[in-house]
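Read the structure below first, then the notes.
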Amino acid sequence: MALPEGVSDILPLSAAQTGMLFHVLEAPEATGRYVAVLSCVIEGPLDPERFRSAMQTAVQDRDAYRAGFVWRGVKQPVQVIREAVELPWRTLDWQGEGDIGNRLASLVAAEQCRQFDLKKPPLMAVTLVRLSQSRWQLVWTIHHLISDGWSTSTVLRDIFALYHDPDRASEKSASFKSYLTWLKKSAPALEQSFWTHLLQNIDGPCVLPQQDDAKTHLPHQRYTRELGAALLNDIDALARQLRVTSNTILSGAWALTLRAMVQENDVIFGQTFAGRPAQIPGIANAAGAFINTLPLRATIDPERSARQFLSDHAQAQRALAAHEFASLAEVQAIAPIPKGTALFDTVFVNEGVQQHVFDFDALKLTDLQTIQASN
């Protein structure tokens with residue numbers, strides 16, 4: 001069957017995309033769901049039009065970034081890949097103006113609440129603010145339906161490479177279509193027995209105590225606590241001593257925190273996986289929504305030592321990783337909880353040590369930050 005004019009492909013959704021789309025559509029009044037805002041300072045002799053051209057090329061070269069989503073009039077939601085898209089762009093000049101810090105904070109906050117028309121790609125927008133002759137602020141807003149944090153970082157490097165050499169080809173990487181094809185043909189089938197055993201005998205969903213305003217869709221709030229490099233070094237040392245990963249210790253700490261909040265010794269929370277199968281050539285540089293979140297269960301026995309708890313927790317993480325391509329919706333359907341009920345409402349994500357400064361020849365990128373929110 002011939003494709004409509006201007007359409008290069010029509011693809012299914014991954015399980016993670018299906019879940020995100022459902023969460024966005026179930027509460028259209030909840031602004032900012034699955035919207036991420038990357039902001040950073042660019043120092044140096046930036047040519048804004050050349051930079052815009054580099055970003056346009058990087059977006060055009062990736063099928064995931066040319067996707068719009070259709071869910072009405074079809075049996076299953078699909079993503080429609082356009083042949084060409086135009087990156088929404090605006091340039092502001094704030095040179096010599098005061099209160100720049102608050103103005104930037106307001107700009108980022110407004111972008112995080114952006115409501116995209118999911119049918120019209122690209123689901124992203126760029127604002128470039130001139131702060132001085134050699135200082136700019138980049139604000140790049142992207143919907144998680146088309147990109148995860150790993151993808152954005154990879155594409156950002158390619159953008160600056162294209163800026164310095166417009167004739168070069170974009171970073172060679174796998175297409176998102178190749179990933180979806182792999183999922184259909186090669187991803188392990190849902191192992192129902194594993195999930196049935198994992199979720200057996202749970203008393204119900206593991207959710208935080210609800211506040212009176214929990215369902216009013218208040219704006220997202222962000223709290224940051226800097227724990228310091230010394231503590232992280234101690235965690236790394238302990239991990240080596242116990243022969244577990246630092247991730248296991250951090251995830252275990254969240255399990256204990258959650259236990260204190262829900263007053264239960266048996267807790268479940270989301271564990272996020274990169275979702276990039278090594279079998280696909282070029283997957284490390286690919287762009288798209290690859291991440292997946294699945295339930296991790298931790299049982300805390302106050303009579304057992306911390307060493308034993310962390311050893312068990314590490315084993316649970318390894319077992320879960322073998323099923324990282326499972327559909328969360330199918331897993332929740334297996335759980336002995338009422339249909340349509342969320343199994344958990346907290347997620348632990350270890351993003352590793354974040355790089356905040358990049359040097360791209362005469363240009364320097366600093367103060368890289370990302371703000372994002374889910375359901």
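Residue numbers count from 1 along this sequence.
- Within 6.0 Å of CD in Gln192 there are 12 or fewer heavy atoms belonging to other residues, nucleotides or ligands.
- The side-chain tip of Arg304 does not point at the ring of Phe309 from less than 6.0 angstrom away and within 45° of straight on.
- A heavy-atom distance below 4.5 Å is not found between the side chains of Val85 and Tyr65.
- Annotation: the span from Arg243 atom CZ to Thr248 atom OG1 amounts to 15.0 Å, rounded to 0.5 Å.
- Side-chain atoms of Gln79 never come within 3.5 Å of backbone atoms of Val70 as a donor-acceptor pair (strictly under, hydrogens ignored).
- Asp345 places a side-chain N or O within 3.5 Å of a backbone atom of Leu208 that can act as its donor or acceptor partner.
- Looking at residues two or more places apart in sequence or on another chain, you find no side chain to side chain donor-acceptor pair (under 3.5 Å) involving Ser327.
- No option in His143, His144, Glu26 other than Glu26 meets the side chain to side chain donor-acceptor pair (under 3.5 Å) test with Arg33.
- Taking both residues in full, the closest heavy atoms of Phe194 and Ala319 are given as CZ-O, 3.8 Å, listed atom of the first, atom of the second, then distance.
- Remark: the backbone N or O of Val59 is not paired with any side-chain donor or acceptor of Arg66 at under 3.5 angstrom.
- Proximity of a side-chain donor or acceptor of Glu83 to a complementary backbone N or O of Ser8 within less than 3.5 Å is not detected.
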Determine, stepwise, if the pair Leu227 / Leu232 fulfils side-chain contact (heavy atoms from CB on, under 4.5 Å). CA-CA 8 Å; Leu227 301 181; Leu232 187 57; over 6 Å; no

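- One N or O on the side chain of Gln112 and one on the backbone of Gly32 form a donor-acceptor pair closer than 3.5 Å.
- Using a 4.5 Å heavy-atom threshold, the side chains of Phe290 and Trp150 count as separate.
- The distance from atom CG of Asp301 to atom CD of Gln308, rounded to the nearest 0.5 Å, is 8.5 Å.
- Environment of NE2 in His164: crowded, with over 12 heavy atoms of neighbouring residues, nucleotides or ligands closer than 6.0 Å.
- For the residue pair Thr154 and Asn285, no side-chain donor N or O sits within less than 3.5 Å of a side-chain acceptor on the partner.
- Each of Trp136, Phe160, Phe360 was checked for a ring-ring contact (aromatic ring centres under 6.0 Å, His included) with Phe51, and the lone residue meeting it is Phe160.
- Checked by atom type and distance alone, the side chain of His23 pairs as donor or acceptor with a backbone atom of Gly19 at under 3.5 Å.
- Ser14 and Ala289 get closest at one heavy-atom pair: OG-O, 4.1 Å.
- Under the 3.5 Å distance criterion, the side-chain polar atoms of Asn292 are matched with a main-chain donor or acceptor of Glu324.
- Of all the heavy atoms in Ile146 and Leu123, the pair that sits closest is CD1-O, 3.6 Å.
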Show your reasoning for whether side-chain contact (heavy atoms from CB on, under 4.5 Å) applies to Val331 and Leu190. CA-CA 8 Å; Val331 170; Leu190 183 80; 4.1 Å; yes

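- A chain of hydrophobic side-chain contacts below 4.5 Å, direct or via other Ile, Leu, Val, Met, Phe, Trp or Tyr residues, connects Ile159 to Leu365.
- Within a 6.0 Å radius of CD in Gln76, other residues, nucleotides and ligands contribute 12 heavy atoms or fewer.
- Atom CG of Asp61 sits about 7.0 Å away from atom CG of Leu162, to the nearest 0.5 Å.
- The side-chain heavy atoms of Trp71 and Leu118, taken from C-beta on, include a pair separated by under 4.5 Å.
- There is a side-chain donor-acceptor pair under 3.5 Å between Arg276 and Ser151.
- Closest approach of Gln115 to Ala30, counting heavy atoms only: OE1-O, 4.5 Å.
- In this structure, Leu38 and Leu368 have side chains that are in contact, with non-hydrogen atoms separated by less than 4.5 Å.
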Could you go through the side-chain contact (heavy atoms from CB on, under 4.5 Å) check for Gln241 and Arg307 one step at a time? CA-CA 10 Å; Gln241 177 186 338; Arg307 180 188 294 270; 4.0 Å; yes

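- With Asp9 contributing its side chain and Leu11 its backbone, the two residues share no donor-acceptor pair below 3.5 Å.
- For Asp266, the salt bridge (charged side-chain N to carboxylate O under 4.0 Å, His left out) partners are Arg297, not counting sequence neighbours.
- Residues Pro188 and His323 are not in side-chain contact: their nearest non-hydrogen atoms beyond the backbone lie 4.5 Å or more apart.
- Criterion: ILVMFWY side-chain heavy atoms under 4.5 Å apart, direct or through other members. Under it, Phe358 and Val41 are not part of a common hydrophobic cluster.
- Remark: side-chain polar atoms of Gln332 are paired, donor with acceptor, to backbone N or O of Leu343 under 3.5 angstrom.
- The two residues Pro205 and Ala342 come nearest to each other via the heavy atoms CB-O, 3.1 Å.
- No continuous path of hydrophobic side-chain contacts links Val37 to Met124 [ILVMFWY only; heavy atoms under 4.5 Å].
- For the 3.5 Å distance criterion, the side chains of Gln95 and Gln133 qualify, holding a donor opposite an acceptor.
- Within a 6.0 Å sphere centred on CG of Asp203, heavy atoms belonging to other residues, nucleotides or ligands number 12 at most.
- In this structure, the side chain of Glu43 does not engage the main chain of Lys364 through any donor-acceptor pair within 3.5 Å.
- Here the shortest heavy-atom pairing between Ala64 and Ala287 reads CB-O, 3.4 Å.
- A heavy-atom distance below 4.5 Å is found between the side chains of Trp195 and Pro295.
- Note: the hydrophobic cluster containing Val139 also contains Leu92 (ILVMFWY, side chain heavy atoms under 4.5 Å, direct or indirect links).
- In this structure, Leu328 is not a member of the same hydrophobic cluster as Leu25, with clusters built from ILVMFWY side-chain heavy atoms closer than 4.5 Å.
- Counted within 6.0 Å of CZ on Arg50, heavy atoms from surrounding residues, nucleotides or ligands total more than 12; the atom is thus considered enclosed.
- Between the CZ atom of Phe69 and the CZ atom of Phe116 there is a distance of 12.0 Å, given to the nearest 0.5 Å.
- Taking OG1 of Thr141 as the reference point, atom CG of Leu107 lies at 7.5 Å (rounded to 0.5 Å).
- The distance from atom OH of Tyr163 to atom CG of Leu46, rounded to the nearest 0.5 Å, is 4.5 Å.
- Side-chain contact between Ser374 and Tyr34 is present, with at least one heavy-atom pair separated by less than 4.5 Å.
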Yes or no on side-chain contact (heavy atoms from CB on, under 4.5 Å) for Trp254 and Val349, after CA distance, side-chain angles and deciding distance? CA-CA 10 Å; Trp254 176 247; Val349 184; over 6 Å; no

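- Ser251 is listed as a side-chain neighbour of Leu296, based on a closest heavy-atom distance under 4.5 Å.
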